[in-house]
Protein chains: 2
Amino acid sequence: MLKDKKNPQQCQIVVALNMIVGKWKPIILDHLLHGEPLRFNELKKLIPDITQRMLTMHLRELEEHDILTRTVYPQVPPKVEYRITEYGMTLQPMLKTMQQWGANHIEHMKEKDN
Amino acid sequence: MLKDKKNPQQCQIVVALNMIVGKWKPIILDHLLHGEPLRFNELKKLIPDITQRMLTMHLRELEEHDILTRTVYPQVPPKVEYRITEYGMTLQPMLKTMQQWGANHIEHMKEKDN
DNA sequence: CGGAATCCTGAAAGATACTG
DNA sequence: CAGTATCTTTCAGGATTCCG
C-alpha cells in the first residue's frame, strides 16, 4: 500500500476524513442521510450554489466509496436517483458527533467575543 | 456573520471539520492529545516529513481556535512549548469516533478486494 | 531553536458551453 | 434531465533562504 500524500502517516482519522472532505460533501451527505433518495436536480435545488460539475464529481466519489448508489431509470427524460447505502449509514454516528461539536463550537466562539 | 467560502451553508459538520483539516493537523493533535506538551522541534521529529513552515502555520491556527496554547520561555536558545487546552480536549470523542470509523473502513476495503 | 519571508507548484474548485 | 468537456482561477502546501 503506497503512502497517500494526504495521509503521510496512514492515520485512521485521515482515512475517515477523506470520505467527507470536499467542499460540498458534508451537505450532500446530510441531505441523503436523513431523507429519501434524491434525484440529481433535487440535490441541485437543495444546494443552489454548487455547480453541476462539482455535484457530479462528489456524487461519483461517494459512489466509489460505497457510501451511496446511483440508479439510472431508463426513461426519457432520464431519471437518476442517489440513495445512501447501508454502509453509508455507518457514517451517521461520526457525523452526528461532528455536528454536535460544531454546534458547541459556535457557542464557544460567541463567548470569546464577549 | 459572513458566509465562509468553505462552508457556504453554515453546516455545523463543516465547522467541526475546519478545526482538523490541514494535511498534518490530525497527526499534530494526535501527538498533543495523549501526551505531554511538546516543543517545536519535538513535534518536528515526531512528524519528520512536515516542513517548518507548515508546522508553524498549523500550530498557529490551532492556537487561534483555542485548541492549544503556545508558551515561550524567554531563554537562549529559545524554548517554545505547545500544550493542548481543556477546550482542545473536547475534540477527543470526535476524533475517537473518526478513528474507529477509519479503522473499520480499512477492513471494509479489504473485504471489497476479495 | 523556532521561526519569518519569498517564490513556486499542483490539485481543487469555478465558469461556461455543449449534449444524448 | 443529467450530465461532459474545456478553460481558468484559487489556494494549500512545498522548497529554499534568511534571522534574532
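Letters go in sequence order (proteins before strands), and every chain restarts at 1.
No contact: B/Lys44 has no heavy atom under 4.0 Å from any strand.
Here the P atom of nucleotide D/dC1 and the CD atom of A/Gln75 are 12 Å apart, to the nearest Å. Rounded to a whole Å, the CD1 atom of B/Ile47 is 16 Å from the C1' atom of D/dG14. Atom pair B/Lys45:NZ and C/dG2:P shows a separation of 9 Å (rounding to whole Å applied). Distance A/Glu61 CD to C/dA12 P: 8 Å, rounded to the nearest Å. Computed from coordinates, the A/Arg60 CZ to C/dA13 P distance equals 17 Å when rounded to whole Å. Whole-Å rounding puts the A/Leu38 CG to D/dG3 P distance at 13 Å. The distance from atom CD1 of B/Ile50 to atom P of D/dA12 is 15 Å, rounded to the nearest whole Å. Atom C1' of nucleotide D/dG3 and atom CZ of A/Arg70 are separated by 8 Å, given to the nearest angstrom.
A heavy-atom distance below 4.5 Å is found between the side chains of A/Trp101 and B/Thr90. Using a 4.5 Å cut-off on side-chain heavy atoms (C-beta onward), B/Phe40 and B/Leu55 make contact. Residues B/Ile20 and B/Met94 have side chains in contact (heavy-atom distance under 4.5 Å, counting atoms from C-beta outward). The closest side-chain heavy-atom distance from B/Glu63 to B/Thr69 is not below 4.5 Å. With contacts defined as side-chain heavy-atom distances shorter than 4.5 Å, the pair B/Met89/B/Leu33 qualifies.
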*Apply the test salt bridge (charged side-chain N to carboxylate O under 4.0 Å, His left out) to residues B/Arg83 and B/Glu81: give CA-CA distance (whole Å), side-chain angles for both, the deciding distance (0.1 Å), then the verdict.*
CA-CA 6 Å; B/Arg83 182 189 308 261; B/Glu81 232 176 39; 3.2 Å; yes
_Between A/Lys110 and A/Glu107, does the salt bridge (charged side-chain N to carboxylate O under 4.0 Å, His left out) criterion hold? Intermediate values first, please._
CA-CA 5 Å; A/Lys110 284 183 191 166; A/Glu107 291 308 307; 3.4 Å; yes
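Mapping A/Met57 and A/Pro78 onto DNA chain C by nearest heavy atom places A/Met57 at the nucleotide closer to the 5' end.
In the set D/dA2, C/dC1, D/dA15, the nucleotide with an atom closest to the side chain of B/Asn41 is C/dC1. The B/Lys23 side chain lies nearest to D/dG14 when the options are D/dG14, D/dC1, C/dG3. Of the candidates D/dT4, C/dG14, D/dG14, the closest approach to any side-chain atom of A/Met54 belongs to C/dG14. Among C/dG14, C/dG3, D/dG14, the nucleotide with an atom closest to any side-chain atom of B/Phe40 is C/dG3. Comparing D/dC1, C/dG14, D/dA2 by their closest approach to the side chain of A/Gln52 singles out D/dA2.
No donor-acceptor contact under 3.5 angstrom links the side chains of B/Tyr87 and B/His65, judged on distance only.
The side chain of A/Tyr82 places no N or O atom within less than 4.0 Å of a non-bridging phosphate oxygen (OP1 or OP2) of D/dC1. At the phosphate of D/dG13, OP1 or OP2 sits under 4.0 Å from a side-chain N or O atom of B/His58. Proximity of A/Trp24 to the phosphate of C/dG14: a side-chain N or O atom is located under 4.0 Å from OP1 or OP2.
Two end axes, each from the C1' atoms of five base pairs, can be drawn for the helix from C/dC1-D/dG20 to C/dG20-D/dC1; they diverge by 50°, to 10 degrees.
Taking 3.5 Å as the limit, the base of D/dG13 and the side chain of B/Arg53 contain a donor-acceptor pair of atoms between them. The base of D/dA2 does not come close enough to the side chain of A/Arg39 for any donor and acceptor atom to sit less than 3.5 Å apart.
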